[in-house]
Novice: 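Dropping a structure here in structure tokens format, bear with me for questions.
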Amino acid sequence: MLAVIYSDEFLEHKTGRFHPEKPERISAIASALQHTSFAHQLEWRSPVTDPQRAIAWLEKVHSPHHIQSVRELATQGGGYLDLDTPVSPRSYDVALLAVNAWLDGIDYTLATNNPAFVLSRPPGHHAESDRGMGFCLFSNAAIAAHYALEQPNIERVAILDWDVHHGNGTQAIVENHPHIAFCSLHQSPCYPGTGTAAETGAHNNVLNLPLPPGSTIADYQPVFETQVMPFLTQFQPDLLIVSAGYDANAADPLAEMYLQPQDYGLFTEFCLKISHRIVFGLEGGYDLPALSQSVVATIERCLF
């Protein structure tokens, strides 16, 4: 079995009619998963709805000013954190629920030693400690990593970010933490313009792997084999968190990579060689068919 942590409440983060990070992203994924041959092996779980639990962990990585800014913007009826990052009246509450969903993913995986997929939004890997940006309100993966380190027998946590955009927010929050490793594969040049190979973290715990536009699985696979795998293996994480963005697909409108949905099955196979304690959390991916098929490929590889 594999847990899918999901709530229809995630549809209530309204971004506007033409915004790429739209509610239909997760409803399309949910529908695709429910129509797979392995649907009976999925355990759909609703996230914990306690906002105070989420806020307590938010406060460990985000400034009070940022948290208050998102809350007030939602309370006032909505607005924008930056040109790309809308906040609607329900966005703050939904973002708290997303944080809880990522924490629930940690709890499930540590209790069962089986992977979990957190099917939530808004995404998080661009959110820095004191600001949201790039469609992201709060840094879900970084929060989840800090939470995991407070659980029994968890001493090291690795974050693998395979979204096509560099996870600048995640890196900024964890790069000084000796017990968290961060590895990102991303298109360069591309938004947000960060993530050079020279950025290695305070403890050699950061590995950035920028790839040129037009890269295919033939380019990604040797990078996994010769750089990602040795880095993560040497770190020996007790848990692996994957910022699972699917916008490196050839069909995706926001980048210029040429992966196919089935390639994410290969990425997942590499991850399973590191650990079966994996929490996948949705980040980007904006072509609905490619996005859905990619998540199916990820989960299918975990089950078979």
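Residue numbers start at 1 and run along the sequence shown. What you see below is based on every heavy atom in this structure, not just the backbone, and it leaves out hydrogens, waters and symmetry mates.
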Novice: To the nearest 0.5 Å, tell me how far Cys271 SG sits from Met229 CE.
Specialist: 8.0 Å
Novice: CD/Gln187 to CG/Leu254 distance, rounded to the nearest 0.5 angstrom?
Specialist: 10.5 Å
Novice: Any chance you could measure His13, atom NE2, to Lys22, atom NZ, to the nearest 0.5 Å?
Specialist: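 The NE2 atom of His13 sits 13.5 Å away from the NZ atom of Lys22.
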Novice: Give the minimum heavy-atom separation between Pro86 and His19, together with the two atoms involved.
Specialist: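 The answer is CD-NE2, 3.5 Å.
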Novice: Please lay out, stage by stage, how Asn140 and Val99 fare under the test side-chain contact (heavy atoms from CB on, under 4.5 Å).
Specialist: CA-CA 6 Å; Asn140 300 317; Val99 169; 3.6 Å; yes
Novice: Of all heavy-atom pairs between Leu160 and Phe224, which one has the smallest distance, and what is that distance?
Specialist: CD2-CE2, 4.1 Å
Novice: Check whether NZ of the Lys or CZ of the Arg Arg121 lies under 6.0 Å from the centre of the six-membered ring of Phe10 and within 45 degrees of that ring's axis.
Specialist: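 No.
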Novice: How about NE2 on His35, more than 12 heavy atoms from neighbouring residues, nucleotides or ligands closer than 6.0 Å, or not?
Specialist: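 Check fails, neighbour count at 12 or below.
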Novice: Is the Trp162 ring parallel, tilted or perpendicular to the Phe280 ring (thresholds 30°, 60°)?
Specialist: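 Taking Phe280 first and then Trp162, their aromatic rings sit tilted (interplane angle of 30° to 60°).
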Novice: Any ring pair (Phe, Tyr, Trp, His ring centres under 6.0 Å) pairs touching residues 283-304, not counting sequence neighbours?
Specialist: Phe135-Tyr286
Novice: Could you report the tightest heavy-atom contact between Ile173 and Glu128, atom names first, then the distance?
Specialist: CD1-C, 4.3 Å
Novice: I need the single residue from Tyr264, Phe267, Tyr258 that forms a ring-ring contact (aromatic ring centres under 6.0 Å, His included) with Tyr220. Which is it?
Specialist: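 Going through Tyr264, Phe267, Tyr258 one by one, the ring-ring contact (aromatic ring centres under 6.0 Å, His included) with Tyr220 is satisfied by Phe267 alone.
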Novice: Which heavy atom of Gly195 sits nearest a heavy atom of Asn208, and at what distance?
Specialist: O-CB, 3.4 Å
Novice: Just to verify, what does Gln76 make a side chain to side chain contact (heavy atoms under 4.5 Å, CB included) with, not counting sequence neighbours?
Specialist: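 Per chain and number, Gln76 pairs via side chain to side chain contact (heavy atoms under 4.5 Å, CB included) with Glu72.
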Novice: For the side chain of His62 and the backbone of Ile55, is there at least one donor-acceptor N/O pair under 3.5 Å apart?
Specialist: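 Side chain of His62 to backbone of Ile55: no pair is present.
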Novice: Could you see if Val242 belongs to whatever hydrophobic cluster contains Tyr147? Use Ile, Leu, Val, Met, Phe, Trp, Tyr and a side-chain cutoff under 4.5 Å.
Specialist: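 No, no single cluster joins them.
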Novice: Do the side chain of His125 and the main chain of Cys136 share a donor and acceptor less than 3.5 angstrom apart?
Specialist: no
